[in-house]
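These numbers come from a predicted model, not from an experiment.
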Amino acid sequence: MNSNGPQRLTANAIMLATLTAILWGGNPVATRYSVDDIPPVFAAGLRFLIGAIFMIGWCRIEGSPIRLRREDMIPCAITGFLLFVQIGLFNVGVHRSTTSHSSLFINTFVFWVIAFEHFITHEDRLTVRKSVGLLLAAGGVLALMVSTERVETESVSRDAPTLVGDVILCVSALILGIKVIYTKHALKVVAPGTLVFWQSVLGTVCFFAWSLGFERTESGPVGIPAMLGILYQGIFVAGVCFALQARLIRQYSATQISIFAFLTPLAGVVGGVLLRGDVVSPWLLVAAAGIAGGIVCVNWRQRPGDHLSPEPAESAAEGTGID
C-alpha cells in the first residue's frame, strides 16, 4: 500500500479477490469429501500438516522467523489450541451436516467478531448498518435451523443435515470469532508467518493425538475424492488463499478486499448443490441471502480509513475457516 492511501482496485485485483473468496468457499465441500472416508479430526491433522509445510516456505520467502522467542510461546500455544478446538468441531459438524449448512454457519463467525469488538474489547462499535447486518444473519441462521429437523427426516440428498451437526458448526463459528479477536492481540507480539506456522504445528499435534486416543478408524480404502479434499484444504486453502490474500492486502486496503467475503458462503452453497447434491430449499435460499447480505452490511465501509474486522493477517491465514 503506498503512502498516499490505498489504490483503486484494478480488474486483476477484483478477479484475484473473487478467486480467493471462491476458493475459501470450496473448503466445506473439500472437507465433506475428506470426512467421507477419513475420521474428521484425523483429516484436520492431515490438512494442517500440509499447511505447516507450506508455511515453512512462506516464512523463508517473507523473512518471518520460524524459531520461537520466549514471548512468542504463549500466543502461539493459545492460537494453536483454539485452532484445534475450532477446526475439530468444524470437521465433526461437517461430517454430521451438509456442505451448504456448513458453509453458511461457519461464516457467521464474522458476526461474533462484531459483537465481541462492541461489547468486550470496545475496539469497534455497532452502527445501525452493522445491526441490520447482524439481524439479517440471525434471521438466516434461524430459518435454516427451523428447517433442519424436517429436512433431516425427509431428505433424499446424498448428505442430510442434523440439528446436532448444525449446533456444532455454530459453536465452531463462535470459537473462530474468539480466535480472530485473540489473533489480533497476538499479532502485536508475533510475526504473522511465525504465528500461523506454529499454530498449525501445535494444532496438527493435537489433532493426531486426539484422533489416536478417541477416534475409531474404520477399515477400508480411502477414496480419491477424500484425498483430493485433503490436498485442496492443505494446498489451496492454507496455501494459495494465504498467498493471494497477503498479496492483495499489501497493495490495497483491507476494507476494499473484505467486501468480497459475501461470496464465500454463496460459493460453498453452490458447491454443495452441484457437487454433493444438497437440496435447494426456500429456507436455504433465505439463509444464504440473509448471511451473505449481513456480511456485506458489516464489512461495507464508507471511509477508506476505516479498519476491517477481522484483521487481514488472520483472514489470509485461515479463512481462517474461514474454516
Side-chain angles (χ1 to χ4, degrees), residues 24 26-56 73 76-99 101-103 105-106 109 158-162 164-176 178-179 182-183 195-239 241-242 276 317-323:
W24 267 326
N27 185 52
V29 184
T31 302
R32 194 63 183 83
Y33 275 110
S34 65
V35 299
D36 281 343
D37 298 337
I38 304 171
V41 178
F42 188 79
L46 292 175
R47 167 191 172 180
F48 281 94
L49 176 61
I50 297 173
I53 293 171
F54 168 83
M55 286 307 303
I56 293 175
M73 292 181 179
C76 288
I78 292 175
T79 55
F81 176 74
L82 290 173
L83 176 75
F84 162 66
V85 176
Q86 187 263 310
I87 296 296
L89 288 172
F90 175 71
N91 278 25
V92 172
V94 170
H95 185 57
R96 304 190 64 166
S97 191
T98 65
T99 295
H101 283 219
S102 302
S103 184
F105 285 131
I106 196 60
F109 84 92
R158 179 176 183 178
D159 307 317
T162 66
V164 172
D166 287 352
V167 170
I168 290 173
L169 288 165
C170 288
V171 175
S172 177
L174 168 62
I175 301 299
L176 180 54
I178 294 172
K179 180 174 178 289
Y182 182 77
T183 299
L195 183 67
V196 175
F197 170 72
W198 280 106
Q199 74 175 16
S200 297
V201 170
L202 294 173
T204 299
V205 172
C206 291
F207 290 132
F208 286 145
W210 179 277
S211 181
L212 182 64
F214 298 100
E215 280 191 320
R216 176 187 297 179
T217 303
E218 300 290 342
S219 59
V222 176
I224 293 178
M227 293 307 301
L228 290 177
I230 292 293
L231 291 174
Y232 181 93
Q233 294 169 74
I235 296 173
F236 286 96
V237 177
C241 284
F242 184 93
R276 299 290 302 189
E318 191 56 48
T320 218
I322 271 21
D323 20 79

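Looking at Ser211, its side chain never comes within 3.5 Å of a backbone N or O of Phe207 through a donor-acceptor pair. Ser34 places a side-chain N or O within donor-acceptor distance of the main-chain N or O of Thr31, the cut-off being under 3.5 Å. Distance alone, capped at 3.5 Å, is enough to place a donor-acceptor pair between the Thr79 side chain and the Cys76 backbone.
Atom OG in Ser200 sits 9.0 Å away from atom CZ in Arg47 (nearest 0.5 Å). Of the inter-residue distances, the one linking Trp198 atom CH2 with Met73 atom CE reads 8.5 Å to the nearest 0.5 angstrom. Note that CZ of Phe84 is 5.5 Å distant from CH2 of Trp210, once rounded to the nearest 0.5 Å.
Looking at Gln86 and Ile106, their side chains come closer than 4.5 Å, going by heavy atoms from C-beta outward. The closest side-chain heavy-atom distance from Val41 to Asn91 is not below 4.5 Å. When side chains are defined from C-beta on, Gln233 does not count as touching Ile87, because their heavy atoms never get closer than 4.5 Å. By the 4.5 Å heavy-atom criterion applied to side chains, Phe208 and Leu46 are counted as neighbours. At least one side-chain heavy atom of Phe242 sits under 4.5 Å from a side-chain heavy atom of Val196. Taking 4.5 Å as the limit, some side-chain heavy atom of Phe105 sits within range of a side-chain heavy atom of Asp166. Leu169 places a side-chain heavy atom less than 4.5 Å from the side chain of Phe90.
In Tyr182, the OH atom is crowded: over 12 heavy atoms of neighbouring residues, nucleotides or ligands sit closer than 6.0 Å. Shown here is Phe236, whose CZ atom has no more than 12 heavy atoms of other residues, nucleotides or ligands within 6.0 Å.
Every residue meeting the side chain to side chain contact (heavy atoms under 4.5 Å, CB included) condition with Leu89, not counting sequence neighbours, appears here in chain and number order: Val85, Ile168, Val171, Ser172, Ile175. With sequence neighbours excluded, no residue forms a side chain to side chain contact (heavy atoms under 4.5 Å, CB included) with Leu212. Remark: Phe197 pairs with no residue by the ring-ring contact (aromatic ring centres under 6.0 Å, His included) rule, at least two apart or across chains. Listed by chain and residue number, Asp37, Ile38, Ala226, Met227 satisfy the side chain to side chain contact (heavy atoms under 4.5 Å, CB included) test with Val222 (two or more places apart in sequence, or in another chain). Listed by chain and number, the residues in a salt bridge (Lys or Arg N to Asp or Glu O under 4.0 Å) with Asp36 are Arg32, Arg158, Arg276 (sequence neighbours excluded). Residues that satisfy the side chain to side chain contact (heavy atoms under 4.5 Å, CB included) test with Pro39, not counting sequence neighbours, are Phe42, Glu215, Thr217.
Between Ala30 and Tyr232, the closest heavy-atom pair is CB-CD2, 3.5 Å. Between Leu202 and Ala77, the closest heavy-atom pair is CD1-CA, 3.7 Å. Closest approach of Pro28 to Val94, counting heavy atoms only: O-CG1, 4.2 Å.
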